[in-house]
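Here is the naming used below: chain letters follow the sequence lines, and residue numbers restart at 1 for every chain.
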Amino acid sequence: MKTITIEGVKDFSPDHIFGCGQCFRWERQSDGSYEGIAKGNIARIYFEAQDPENPFGPGTLTIETTREEEHNGQTGGLQKEQEISFWRGYFDLDRDYGKIKKELVSRDTVMGEAIKSGEGIRILDQEPWETVVSFIISSNNNIPRIKKCINCLAENFGQRAGTCRGKEYYSLPEPRVLAALTKEDLACCRLGYRAGYLIKTAVKIKEDGKEKLEDLRECSCEDCFSYIKNLSGVGPKVADCILLFSLRKKNRFPVDVWMRKVMHELYGFAEDDIKGMSDFAEETFGEYAGIAQQYLYYHMRKKDEKRKEKKSR
DNA sequence: GGCCAGGGGATTA
DNA sequence: TAATCCCATGGC
């Protein structure tokens, strides 16, 4: 086990980051830490603010990584400096979210309330292939089941990445592995009709190369969108998620049922006016529309939880 | 552009 | 027990 500590981290809450629907491979532990895997790196992470009165002020981010010697994954054998730089990138630590929050609040009145719900949200820099797979599975699906499907894929067809506190971790299968499978092979993962989309997309990515997907990060939004949207099982909503969560296009504004709810309730849009919502986000939030989306999404989820609690009492 | 099937499981009525 | 919902898309 190796421990990395990064000091002076602001606007950081594991609950907000891992709970805002952007990722599916991290699980909350009873002590409030999160355990999961990113780019083949197994880790347990926790955050402690310097001043408990100011939870979103500067604090220490601790990352415990476990890697087995025989495992020679993509980041295997990295020097400590490189490892720190990987996690800094993954947690988007070089972006000043405090400044972004201030800007968003100044441009819009509803945002203030939304940001208060998820002050410590950050957009993770996830692997494109994993994000493509995850969000194809996410279509018309709920988060617990999406997680189950992804874990099942990794455990049955992925590569063993190591163990953390007794739990075995697997990376997601490579495109060439998925491309060689049939719907019957995938039946154990209960992907439903998404299995066919996944196989078709894996064949396409295998042909084009996984690097093509990574290279899209350097391309324009338009080029990214048209390539990603062309994959089987990817419509405009899923494409926007992939652009925002892994291709670093922070201006994308994915509109799902929750966003429709929040845009309807707090901004007064008609529930099916997705175009109006997107245009409004682009005009109002501009380059930070994706980050604004995360605050709004998390805010709505929180609000819904509270509504349910009230009902059950 | 509108409509409906696709899986399956959890939640609600 | 039945209906509804879920971070939608594909195909007609």
Side-chain angles (χ1 to χ4, degrees), chain A residues 16-26 114 117-118 121 123-124 126 130-153 182-204 225-247 249 252-266 269-278 281 289-313:
Chain A
H16 296 170
I17 292 168
F18 297 120
C20 66
Q22 59 180 323
C23 59
F24 305 101
R25 301 216 66 191
W26 293 88
S117 297
I121 287 176
I123 296 189
L124 298 170
Q126 302 185 73
E130 177 178 317
T131 310
V132 166
V133 172
S134 301
F135 282 90
I136 286 175
I137 294 171
S138 84
S139 80
N140 194 26
N141 210 341
N142 56 62
I143 291 170
R145 215 158 69 81
I146 297 165
K147 283 184 174 174
K148 264 188 202 167
C149 292
I150 292 171
N151 280 331
C152 184
L153 271 179
T182 64
K183 284 188 214 170
E184 290 70 33
D185 295 329
L186 288 173
C188 58
C189 291
R190 311 253 166 227
L191 304 175
Y193 56 86
R194 304 168 194 85
Y197 302 154
L198 207 56
I199 293 166
K200 248 176 125 178
T201 290
V203 169
K204 166 83 172 153
F225 191 81
S226 65
Y227 180 85
I228 294 293
K229 166 87 178 59
N230 228 2
L231 299 172
S232 178
V234 178
K237 190 267 166 185
V238 169
D240 277 339
C241 285
I242 296 167
L243 262 62
L244 176 61
F245 299 138
S246 72
L247 299 180
K249 303 294 185 258
R252 302 308 296 200
F253 190 81
V255 179
D256 59 31
V257 283
W258 290 94
M259 287 308 292
R260 275 158 55 174
K261 236 183 254 185
V262 74
M263 296 306 280
H264 172 67
E265 281 187 28
L266 299 182
F269 282 93
E271 273 175 288
D272 56 354
D273 185 16
I274 294 174
K275 172 101 173 58
M277 297 173 188
S278 305
I291 297 170
Q293 192 267 5
Q294 290 294 282
Y295 293 127
L296 290 167
Y297 175 82
Y298 191 76
H299 179 56
M300 199 62 205
R301 296 291 299 230
K302 273 281 191 71
K303 232 176 146 172
D304 195 65
E305 266 174 40
K306 278 180 199 163
R307 257 188 285 216
K308 277 183 185 158
E309 272 173 36
K310 234 180 173 176
K311 248 184 170 177
S312 68
R313 265 189 279 130

Please evaluate residues A:V255 and A:R260 with respect to the criterion side-chain contact (heavy atoms from CB on, under 4.5 Å), reporting the C-alpha separation (whole Å), side-chain torsions for both, the decisive distance (0.1 Å), and the verdict. CA-CA 6 Å; A:V255 179; A:R260 275 158 55 174; 3.7 Å; yes
Stems formed with participation of DNA chain B [Watson-Crick or G-U wobble, under 3.5 Å, three or more pairs]: B:2-5 with C:9-12, B:8-13 with C:1-6
Rounded to the nearest angstrom, tell me the gap between atom NZ in A:K147 and atom P in B:dA10. 15 Å
Which is true for A:V255 with a 4.0 Å heavy-atom rule: it touches a base, it touches only sugar-phosphate, or it touches nothing? nothing
Interatomic distance, A:D304 CG vs C:dC6 P [rounded to whole Å]: 9 Å
Position toward the 5' end of DNA chain C (nearest nucleotide), A:Y197 or A:P254: A:P254
Would you mind classifying the nucleic acid contact of A:Q294 as base, sugar-phosphate or nothing, using non-hydrogen atoms under 4.0 angstrom? nothing
Flag side-chain contact, heavy atom, 4.5 Å: A:F269 against A:M259: no
Using side-chain contact (heavy atoms from CB on, under 4.5 Å), reason through A:D185 and A:I199 one step at a time and then give a plain yes or no. CA-CA 11 Å; A:D185 295 329; A:I199 293 166; over 6 Å; no
Separation of A:K237 atom NZ from C:dT9 atom P, in whole Å? 8 Å
CA sep, side-chain torsions, deciding dist, call: A:L191, A:Y197, side-chain contact (heavy atoms from CB on, under 4.5 Å): CA-CA 10 Å; A:L191 304 175; A:Y197 302 154; over 6 Å; no
Quick one: A:N140 CG to B:dC4 P, roughly how many Å, whole number? 16 Å
With heavy atoms under 4.0 Å as the rule, sort A:L191 into base, sugar-phosphate or nothing. nothing
When the ring centroid of A:F24 is compared with that of A:F135, is the distance short of 6.0 Å? yes
Assign A:R301 to base, sugar-phosphate, or nothing according to its heavy-atom contacts below 4.0 angstrom with the strands shown. sugar-phosphate
Of A:N141 and A:P144, the one whose closest nucleotide on DNA chain B sits nearer the 5' end is A:N141
What distance, rounded to whole Å, do you find between the two P atoms, one in C:dC12 and one in B:dG6? 14 Å
Name the nucleic acid region contacted by A:C20, choosing base, sugar-phosphate or nothing; use a 4.0 angstrom heavy-atom cut-off, strictly under. base
According to a strict under-4.0 Å criterion, is A:K261 in side-chain N/O contact with OP1 or OP2 of C:dC6? yes
Rounded to whole Å, please give me the gap between CG in A:L231 and P in C:dA8. 18 Å
What nucleic acid atoms does A:L186 come within less than 4.0 Å of, heavy atoms only: base, sugar-phosphate, or nothing? nothing
Rounding to an integer number of Å, can you tell me how far A:R194 CZ sits from C:dA8 P? 9 Å
Could you walk me through whether A:Q22 and A:I17 pass the side-chain contact (heavy atoms from CB on, under 4.5 Å) check? CA-CA 8 Å; A:Q22 59 180 323; A:I17 292 168; 3.8 Å; yes
Take the protein atom CD1 of A:I242 and the nucleotide atom P of C:dA8, then report the distance between them rounded to whole Å. 13 Å
Between C:dG11 (P) and A:Y193 (OH): distance, integer Å: 13 Å
Which listed nucleotide (C:dT9, C:dA8, B:dG9) is nearest to the side chain of A:P236? C:dT9
Walk me through it: do A:N141 and A:S138 pass the test side chain to side chain donor-acceptor pair (under 3.5 Å)? CA-CA 5 Å; A:N141 210 341; A:S138 84; over 6 Å; no
Check this for me: A:K261, atom NZ, are more than 12 non-hydrogen atoms of other residues, nucleotides or ligands nearer than 6.0 Å? yes
